[in-house]
Amino acid sequence: MRSTFKVLFYLKRNKKKTQSAVPLMGRITVNGTISQFSAKLTVPECLWEVRGGRAKGRSLEADRINRYLDNIRIQIGKHYQSICDHDGY
């Protein structure tokens, strides 16, 4: 049986903000089931690239944000792989 697995990052823009930084959220989708979480990070809205789900540019801040997101994505992938190996998928 094949399962679908996707990790997506997005900005939570629905709150009125007093500064340009907005909270970063994550979404994990497995076989159509969605789970959302806070990435515990705020990102300047001008740095965010919606299509890529990452910070754009090569500034120190963009690099720091992207490394943080890559680390989260890798950890989630490891946990998912561990669950799949344990369950025999």
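Only this structure's heavy atoms are used, side chains among them; waters, hydrogens and symmetry mates stay out. All values reported here derive from a predicted model rather than from experimental measurement.
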Holding to salt bridge (charged side-chain N to carboxylate O under 4.0 Å, His left out), I want the full list of residues that pass it with Arg67, two or more places apart in sequence or in another chain.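 Testing Arg67 for salt bridge (charged side-chain N to carboxylate O under 4.0 Å, His left out), a comparison that skips the adjacent residues, returns Asp63.
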Answer yes if Val50 and Tyr68 sit in the same cluster of Ile, Leu, Val, Met, Phe, Trp and Tyr residues linked by side chain heavy atoms under 4.5 Å apart, and no otherwise.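 Val50 and Tyr68: one cluster.
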Single-linkage hydrophobic cluster, 4.5 Å side-chain cutoff, Ile83 and Ile34 together: no
Which residue pairs pass the salt bridge (charged side-chain N to carboxylate O under 4.0 Å, His left out) test when at least one of the two sits in residues 46-55, sequence neighbours left out? Arg54-Asp70
Which heavy atom of Asn31 sits nearest a heavy atom of Thr4, and at what distance? OD1-N, 2.8 Å
Apply ring pair (Phe, Tyr, Trp, His ring centres under 6.0 Å) to Tyr10 and list each qualifying residue two or more places apart in sequence or on a separate chain. none
How would you list, by chain and number, every residue that makes a ring pair (Phe, Tyr, Trp, His ring centres under 6.0 Å) with Phe37, sequence neighbours excluded?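 Applying ring pair (Phe, Tyr, Trp, His ring centres under 6.0 Å) to Phe37 gives none.
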Looking at side-chain heavy atoms only, is the closest gap between Phe5 and Ile28 below 4.5 Å? yes
Would you indicate whether the side-chain heavy atoms of Ile65 and Leu41 approach each other to under 4.5 Å?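 Yes. Closest side-chain heavy atoms under 4.5 Å.
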Taking only residues two or more places apart in sequence, or in another chain, which ones meet Ser59 in a side-chain contact (heavy atoms from CB on, under 4.5 Å)? Leu47, Glu61, Ala62
Ile72 vs Val7, side chain to side chain contact (heavy atoms under 4.5 Å, CB included): CA-CA, chis, key distance, verdict: CA-CA 10 Å; Ile72 292 173; Val7 179; 5.7 Å; no
Sort out for me which residue in Arg27, Met25, Arg73 forms a side-chain contact (heavy atoms from CB on, under 4.5 Å) with Phe9. Arg73
Which pairs of donor and acceptor atoms, one on a side chain in residues 74-81, lie under 3.5 Å apart (sequence neighbours left out)?
unit_1: Tyr80; atom_1: OH; unit_2: Ser3; atom_2: OG; d: 2.3
unit_1: Gln81; atom_1: NE2; unit_2: Asp85; atom_2: OD1; d: 3.0

Distance col, row Arg58:CZ vs Asn66:CG, nearest 0.5 angstrom, shows 11.0 Å
Could you walk me through whether Leu11 and Val43 pass the side chain to side chain contact (heavy atoms under 4.5 Å, CB included) check? CA-CA 8 Å; Leu11 297 181; Val43 177; 4.0 Å; yes
